[in-house]
Trainee: 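Before we start, here is the structure in question, set down as structure tokens.
What you see is a predicted model, and the numbers here were worked out from it, not measured in a lab.
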Amino acid sequence: MKPSRLTRLFLFAVLLAALLSTTLAQGHSPRALPNIPLHEPENGEAVFDPAVSLVWDFIPEAALYAVTVKNVNGSQSIKLIATGVDCFMLRCATVLDSTVNAWVWNEGDTYSWSVKAKDGAGQAIAKSNKRTFVVDMLQPLTLDSPANGATVAAFNVAGIYLVTIQFHSDDVVMSYIGTMYRQDGSTVGTTNLPNSNCSISCPMYMIVDTTATGVLRKYTWKVIGTRAGVKGKAKSPTFSMKVYIP
């Protein structure tokens with residue numbers, strides 16, 4: 001028994017729909033985009049300056065480049081736009097600067113970055129792989145004097161007993177905070193010092209207890225520094241000292 005005309009029409013329609021669906025799917029299959037080589041920073045490199053230069057290959061057909069930087073350790077991200085004026089000698093670059101882009105680096109964190117090139121219509125024409133770099137913008141501070149475990153004499157200024165400490169300055173640090181601790185861990189006091197008051201070494205005056213004179217007291221002390229555009233601290237080790245209150 002031959003299929004009816006209506007059945008034949010139905011089967012033809014099903015086959016036609018399947019053919020069209022296959023053709024459209026093939027015509028709109030995603031095309032692999034050419035790769036954009038990245039140059040600086042090197043993958044896994046430690047960066048020391050809050051103004052981080054990102055460098056990649058020039059793409060002749062590109063009208064603009066979208067550069068994405070993300071904190072691998074958190075949700076922080078930013079997208080920068082570069083154009084042909086940012087390219088020279090077949091290389092393109094942009095700078096993510098914490099003083100310009102309202103961006104704060106997290107000391108010790110890892111960041112990824114990637115680039116996507118787009119044409120004048122805003123369509124992606126090439127993209128890079130991801131690279132990472134590590135923020136290492138705050139170095140440990142070095143304490144100079146008194147030496148660890150030393151015995152020093154306090155001096156009296158208007159009824160306040162003080163000792164002098166010194167530590168190495170760091171050009172990138174904006175300000176320092178010195179803290180003196182009693183043996184039980186409680187804080188005696190803190191002293192703030194801007195880096196502008198330092199040369200090679202920074203002198204700082206720390207308050208000690210004055211409840212009794214003619215005694216020898218033991219304290220510990222440390223210094224931390226802060227840098228603009230960087231969340232984190234430049235830290236010193238903790239030193240101890242014995243202080244004679246005359």
Side-chain angles (χ1 to χ4, degrees), residues 33 35-57 59 64-83 86-87 91-118 124 126-143 167-179 181 185 187 190-196 198 202 204 220-239:
L33 296 176
N35 181 61
I36 303 175
L38 304 179
H39 297 287
E40 297 175 17
E42 293 286 348
N43 197 35
E45 182 180 348
V47 297
F48 304 99
D49 194 321
V52 177
S53 295
L54 307 168
V55 184
W56 63 92
D57 259 15
I59 304 297
L64 61 86
Y65 303 89
V67 183
T68 301
V69 180
K70 293 182 178 180
N71 186 333
V72 174
N73 304 101
S75 58
Q76 184 188 31
S77 66
I78 192 172
K79 183 170 287 187
L80 307 172
I81 300 299
T83 63
D86 300 301
C87 302
R91 295 284 175 92
C92 303
T94 191
V95 177
L96 180 48
D97 189 339
S98 60
T99 62
V100 176
N101 302 105
W103 175 266
V104 177
W105 299 104
N106 288 335
E107 177 70 8
D109 279 4
T110 299
Y111 291 79
S112 68
W113 70 287
S114 59
V115 180
K116 184 176 288 185
K118 298 184 179 182
K127 67 177 183 178
S128 73
N129 295 320
K130 287 184 180 180
R131 272 192 179 182
T132 62
F133 58 86
V134 179
V135 170
D136 188 18
M137 300 175 183
L138 293 168
Q139 302 302 306
L141 298 175
T142 301
L143 303 180
F167 53 93
H168 263 52
S169 65
D170 187 329
D171 290 342
V172 306
V173 172
M174 291 186 62
S175 61
Y176 305 93
I177 300 176
T179 306
Y181 300 94
T187 301
T190 60
T191 302
N192 294 278
L193 184 72
N195 199 25
S196 56
C198 302
C202 300
M204 183 182 283
T220 57
W221 60 285
K222 67 179 181 181
V223 180
I224 62 173
T226 58
R227 183 177 189 179
V230 183
K231 184 179 180 181
K233 307 291 184 185
K235 300 178 181 179
S236 76
T238 299
F239 274 14

Trainee: Indicate the atoms forming the closest heavy-atom contact of Met204 with Ile177, along with that distance.
Mentor: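 So the minimum-distance heavy-atom pair works out to CE-C, 4.5 Å.
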
Trainee: Taking the side chain as C-beta and beyond, is there a heavy-atom pair between Trp221 and Leu143 under 4.5 Å?
Mentor: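 When only atoms from C-beta onward are counted, Leu143 and Trp221 do touch, with a gap below 4.5 Å.
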
Trainee: Taking the side chain as C-beta and beyond, is there a heavy-atom pair between Trp113 and Pro41 under 4.5 Å?
Mentor: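 A side-chain contact under 4.5 Å exists here.
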
Trainee: Quick one, Val67 and Ile81 - any side-chain contact, counting heavy atoms below 4.5 Å?
Mentor: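 Not in contact.
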
Trainee: Is the backbone of Tyr111 close enough, under 3.5 Å, to the side chain of Gln76 for a donor and an acceptor to pair up by distance?
Mentor: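 Side chain of Gln76 to backbone of Tyr111, a donor-acceptor pair under 3.5 Å: no, none is there.
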
Trainee: Among Leu96, Asn71, Val47, which one satisfies side-chain contact (heavy atoms from CB on, under 4.5 Å) with Trp105?
Mentor: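 Testing each of Leu96, Asn71, Val47 against Trp105, the sole residue satisfying side-chain contact (heavy atoms from CB on, under 4.5 Å) is Leu96.
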
Trainee: Would you name the heavy atoms of Ala228 and Met174 that are closest together and state the gap between them?
Mentor: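 Scanning both residues, the minimum pair turns out to be CB-SD, 3.2 Å.
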
Trainee: To the nearest 0.5 Å, tell me how far Ser128 OG sits from His39 NE2.
Mentor: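 One gets 10.5 Å once the value is rounded to the nearest 0.5 Å.
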
Trainee: Measure across Leu141 and Ala234 and return the closest heavy-atom pair with its distance rounded to 0.1 Å.
Mentor: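 That closest heavy-atom pairing would be CD1-O, 3.4 Å.
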
Trainee: Please lay out, stage by stage, how Val223 and Phe239 fare under the test side-chain contact (heavy atoms from CB on, under 4.5 Å).
Mentor: CA-CA 10 Å; Val223 180; Phe239 274 14; over 6 Å; no

Trainee: Is there a side-chain contact between Asp86 and Thr94, using heavy atoms and a 4.5 Å cut-off?
Mentor: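 No; the side chains remain at least 4.5 Å from each other.
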
Trainee: So which atom in Val72 and which in Ser112 form the shortest heavy-atom distance, rounded to 0.1 Å?
Mentor: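 For Val72 versus Ser112, the nearest heavy atoms are CG2-N, 3.8 Å.
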
Trainee: Quick check against the 3.5 Å criterion: does Asp57 have a side-chain atom that pairs as donor or acceptor with the backbone of Ile36?
Mentor: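 Side chain of Asp57 to backbone of Ile36, a donor-acceptor pair under 3.5 Å: no, none is there.
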
Trainee: Has the side chain of Arg227 got a donor or acceptor atom that lies under 3.5 Å from a matching backbone atom of Gly232?
Mentor: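 Here the side-chain-to-backbone pair does not exist.
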
Trainee: Distance from Lys222 atom NZ to Tyr181 atom OH, nearest 0.5 Å?
Mentor: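 Output value for this atom pair is 4.0 Å.
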
Trainee: Is there a side-chain contact between Tyr65 and Cys92, using heavy atoms and a 4.5 Å cut-off?
Mentor: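 Yes, their side chains come closer than 4.5 Å.
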
Trainee: Can you name the closest pair of heavy atoms from Ser98 and Pro50 and give their distance?
Mentor: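 Shortest heavy-atom contact: OG-CB, 3.3 Å.
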
Trainee: When rounded to the nearest 0.5 angstrom, what is the spacing between CD in Glu40 and CD in Glu45?
Mentor: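 Separation between the atoms: 7.5 Å.
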
Trainee: Could you check whether any side-chain heavy atom of Leu193 comes within less than 4.5 Å of a side-chain heavy atom of Phe167, counting everything from C-beta outward?
Mentor: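 Leu193 vs Phe167: side chains touch.
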
Trainee: Can you check whether Thr238's main-chain N or O pairs, donor with acceptor, with Thr220's side chain at less than 3.5 Å?
Mentor: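 No: the side chain of Thr220 does not pair with the backbone of Thr238.
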
Trainee: Please evaluate residues Val104 and Val230 with respect to the criterion side-chain contact (heavy atoms from CB on, under 4.5 Å), reporting the C-alpha separation (whole Å), side-chain torsions for both, the decisive distance (0.1 Å), and the verdict.
Mentor: CA-CA 5 Å; Val104 177; Val230 183; 5.8 Å; no

Trainee: If we ignore hydrogens and angles and just use 3.5 Å, is the side chain of Glu107 paired with the main-chain N or O of Met137 as donor and acceptor?
Mentor: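 Yes; at least one donor-acceptor contact below 3.5 Å.
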
Trainee: Using only atom types and a distance under 3.5 Å, with no angle test, would you say the side chain of Asn195 pairs donor to acceptor with the backbone of Val173?
Mentor: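 A pair under 3.5 Å: yes.
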
Trainee: So, do Asn129 and Asn35 sit near enough that their side-chain heavy atoms are less than 4.5 Å apart?
Mentor: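 Side chain of Asn129 against side chain of Asn35, heavy atoms only: contact under 4.5 Å found.
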
Trainee: Evaluate the criterion side-chain contact (heavy atoms from CB on, under 4.5 Å) for residue pair Asn101 and Leu80; output intermediate values, then yes/no.
Mentor: CA-CA 9 Å; Asn101 302 105; Leu80 307 172; 3.8 Å; yes

Trainee: Looking at every non-hydrogen atom in both residues, tell me the closest pair between Val69 and Phe133 and how far apart they are.
Mentor: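 Residues Val69 and Phe133, closest heavy atoms: CG1-CZ, 4.4 Å.
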
Trainee: Nearest 0.5 Å, please: how far is OH in Tyr176 from SG in Cys198?
Mentor: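 Here the rounded value is 5.0 Å.
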
Trainee: Working to the nearest 0.5 Å, report the span between OG1 of Thr179 and CG of Asn192.
Mentor: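 Answer rounded to 0.5 Å: 8.5 Å.
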
Trainee: Is it true that the side chains of Ser114 and Thr68 contain a donor and an acceptor less than 3.5 Å apart?
Mentor: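 On atom types as modelled, these side chains do not qualify, holding no pair under 3.5 Å.
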
